[in-house]
Protein chains: 2
Amino acid sequence: MADGSSRIKIPRPGEPVQGSQTGQPIMVLFDLIGRRWAMGILWNLADQNRTFRDLQARCGSASPTVLNTRLKELRAAGLVEKTATGYGLTNDGRKLFKVLEPLGNWAMDWAKRL
Amino acid sequence: MADGSSRIKIPRPGEPVQGSQTGQPIMVLFDLIGRRWAMGILWNLADQNRTFRDLQARCGSASPTVLNTRLKELRAAGLVEKTATGYGLTNDGRKLFKVLEPLGNWAMDWAKRL
DNA sequence: ATAGATCGCTACTCTTTTCGTAGCAAGCGG
DNA sequence: CCGCTTGCTACGAAAAGAGTAGCGATCTAT
């Protein structure tokens with residue numbers, strides 16, 4: 001994000017992530033969606049648009065403060081947008097969700113093992 | 001996590017996540033890997049085992065306190081284990097990483113657009 | 001039109017999480 | 001034995017989040 005560096009480093013596994021070498025896409029992404037409720041929000045917007053209050057109810061213990069902060073961040077990142085019918089995913093957001101979606105099944109299998 | 005509830009609800013997109021209905025696998029997972037550095041740690045352990053200090057260096061600004069906390073959590077979750085050659089992913093951890101891996105490519109495309 | 005409910009969101013205080021640094025016990029090399 | 005790295009804990013400061021209250025705008029029913 002405008003860090004001035006000419007090249008974006010390839011963020012393969014094993015490459016340093018977050019911190020020392022900032023600006024790597026995977027780092028930026030982890031920093032964005034690795035915050036409280038961020039993934040929960042994406043998950044809840046996946047199937048349909050939601051109002052602020054609805055989203056709040058679905059993210060039970062999320063205070064309106066954080067919820068609004070996350071929504072701002074996700075909107076700034078171009079993943080979420082505000083529409084006439086509430087908040088919804090952008091095309092980018094939908095693409096990201098597609099990548100995230102298998103986590104649902106993985107989590108279920110994992111929970112059985114736990 | 002031992003919430004005593006008899007049934008684990010199906011965590012499809014659109015279902016309430018985190019909070020009101022606790023105990024859903026996807027919620028537990030989001031709560032676990034949606035904390036600072038958690039995904040960064042998994043990412044850095046993906047290709048090889050790492051020592052504590054090495055991991056710390058790769059997660060630049062992560063303090064040893066948080067790093068150790070995350071490692072404990074991830075170990076308790078059965079995703080990370082401590083070996084003779086440092087920390088590494090368990091089989092479960094590797095499976096999770098496989099699901100997470102496409103995020104790397106997605107993040108690169110996304111960064112170009114940003 | 002008007003009273004009431006609901007909406008998106010901000011303000012504010014209190015608690016939890018994370019940061020950042022210092023440092024200790026244990027292992028290893030020379 | 002001495003210096004060096006390693007895993008990890010302690011602790012105070014800063015940042016993030018929770019929880020509650022409530023304001024102006026809109027929607028709903030009468």
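Each chain gets a letter, A, B and so on, in the order the sequences are listed, and its residues count up from 1. Treat the numbers as computed from the prediction; the structure is a model and nothing was measured. Just so you know, these numbers use all the heavy atoms, side chains as well, and skip hydrogens, waters and symmetry mates.
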Worksheet entry | Residue-phosphate contact under 4.0 Å: A:R53 side-chain N/O, C:dC9 OP1/OP2 | no

Fill in: Nucleotide nearest A:R36 (side chain, heavy atoms from C-beta), chosen from D:dG7, C:dT17, C:dG8
C:dT17

Worksheet item: For residues 69-78 of chain A, which residue pairs qualify under side-chain hydrogen bond (donor to acceptor under 3.5 Å, both in side chains), counting only residues two or more places apart or in two chains?
Response: A:R70-A:E73

Worksheet item: Should B:Y87 be listed as having a side-chain N or O under 4.0 Å from OP1 or OP2 of D:dT6?
Response: no

Worksheet item: Below 4.0 angstrom from OP1 or OP2 of D:dT6, is there any side-chain N or O of B:K82?
Response: no

Worksheet entry | base_contact_polar (D:dA10 base, B:T65 side chain, donor-acceptor, <3.5 Å) | yes

Item to complete: Could you please name the option among D:dC8, C:dC9, D:dA18 that lies closest to any side-chain atom of B:F52?
Response: D:dC8

Practice prompt. Mind calculating the distance between CG (A:L71) and C1' (C:dT10) to the nearest angstrom?
Written response: 14 Å

Practice prompt. Go through B:L74 and B:L32 one step at a time and tell me if the side-chain contact (heavy atoms from CB on, under 4.5 Å) criterion holds.
Written response: CA-CA 8 Å; B:L74 293 171; B:L32 178 70; 4.2 Å; yes

Practice prompt. Nearest whole angstrom, please: distance from the P of C:dT18 to the CZ of B:R35.
Written response: 6 Å

Practice prompt. Working to the nearest 0.5 Å, report the span between CD1 of A:I33 and CG of A:L79.
Written response: 8.5 Å

Discussion item. Should the side chain of A:T51 and the base of C:dG8 be counted as holding a donor-acceptor pair, with the cut-off at 3.5 Å?
Written reply: no

Worksheet item: For B:D54 and D:dC8, what is the distance between atoms CG and C1' respectively, to the nearest whole Å?
Response: 16 Å

Worksheet item: CG of B:D31 versus C1' of D:dA16: gap in Å, rounded?
Response: 15 Å

Worksheet item: Roughly how many Å is it from CG in B:L55 to C1' in D:dC8, rounded to a whole number?
Response: 13 Å

Worksheet item: OP1, OP2 of C:dC19 versus side-chain N and O of B:W37: anything below 4.0 Å?
Response: yes

Practice prompt. Could you check whether the rings of B:Y87 and B:F52 sit parallel, tilted or perpendicular, using 30° and 60° as the cut-offs?
Written response: tilted

Discussion item. Can you confirm whether or not the ring centre of B:W37 sits under 6.0 Å from the ring centre of A:F30?
Written reply: no

Worksheet item: Over how many whole Å does the gap from B:R70 atom CZ to D:dC8 atom C1' extend?
Response: 16 Å

Worksheet entry | Integer-rounded Å distance: D:dG7 P and B:R50 CZ | 13 Å

Worksheet item: Taking for each residue the nucleotide of DNA chain D with the nearest heavy atom, is it A:L67 or B:K72 whose nucleotide lies nearer the 5' end?
Response: B:K72

Worksheet item: For B:N68 and D:dG7, is the shortest distance between a side-chain N/O and OP1 or OP2 below 4.0 Å?
Response: no

